[in-house]
Amino acid sequence: MLAGVGCKDYDDDIDKLNDRLDELTTGKIATLESQLGSLQTAVDNLKSADDALGKRIDELKSDADANAKDIEALEKAQNQLSSRRTSTPSKKTLRTIM
């Protein structure tokens, strides 16, 4: 009697592997692709927000520079008024007052 030596039937194993690949493709990979899409949207939104904030910062810097110039001019005018008040009035000014 001869015993036959043969290959095991691997069809079931191959089917299981194919099923597992299908699960990964339709499940986890699809979920990852969806998450990547969401992350890309979030990155795009953050870039837009960063650009808007950069513009607003530039506007505020410009406003601050303008305010600093206004403050400087007001302080100069205040100093001029203060120096006029503390100076001795001229004879002409005294005659006008009297």
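The first residue of the sequence shown is numbered 1, and numbering continues consecutively from there.
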d(Ile29 CD1, Leu36 CG) to nearest 0.5 Å is 11.5 Å
Rounded to the nearest 0.5 Å, what's the gap from NZ on Lys61 to CG on Asp65? Could you check? 9.0 Å
I need the Asp15 CG to Asp22 CG distance, nearest 0.5 Å. 10.5 Å
Residues, nucleotides or ligands: over 12 heavy atoms within 6.0 Å of Glu72 CD: no
For Leu46, does its backbone N or O pair with a side-chain atom of Asp50 as donor and acceptor, under 3.5 Å? no
Partner of Thr41 by side chain to side chain contact (heavy atoms under 4.5 Å, CB included), out of Val43, Leu39, Asn45: Asn45
Using 4.0 Å as the upper bound for N to carboxylate O, is an ion pair formed by Arg20 and Glu23? yes
Point-to-point distance, once rounded to the nearest 0.5 Å, from CD of Gln78 to OG of Ser83: 11.0 Å
If we ignore angles and hydrogens, is there a donor and acceptor under 3.5 Å between the side chains of Asp44 and Gln40? yes
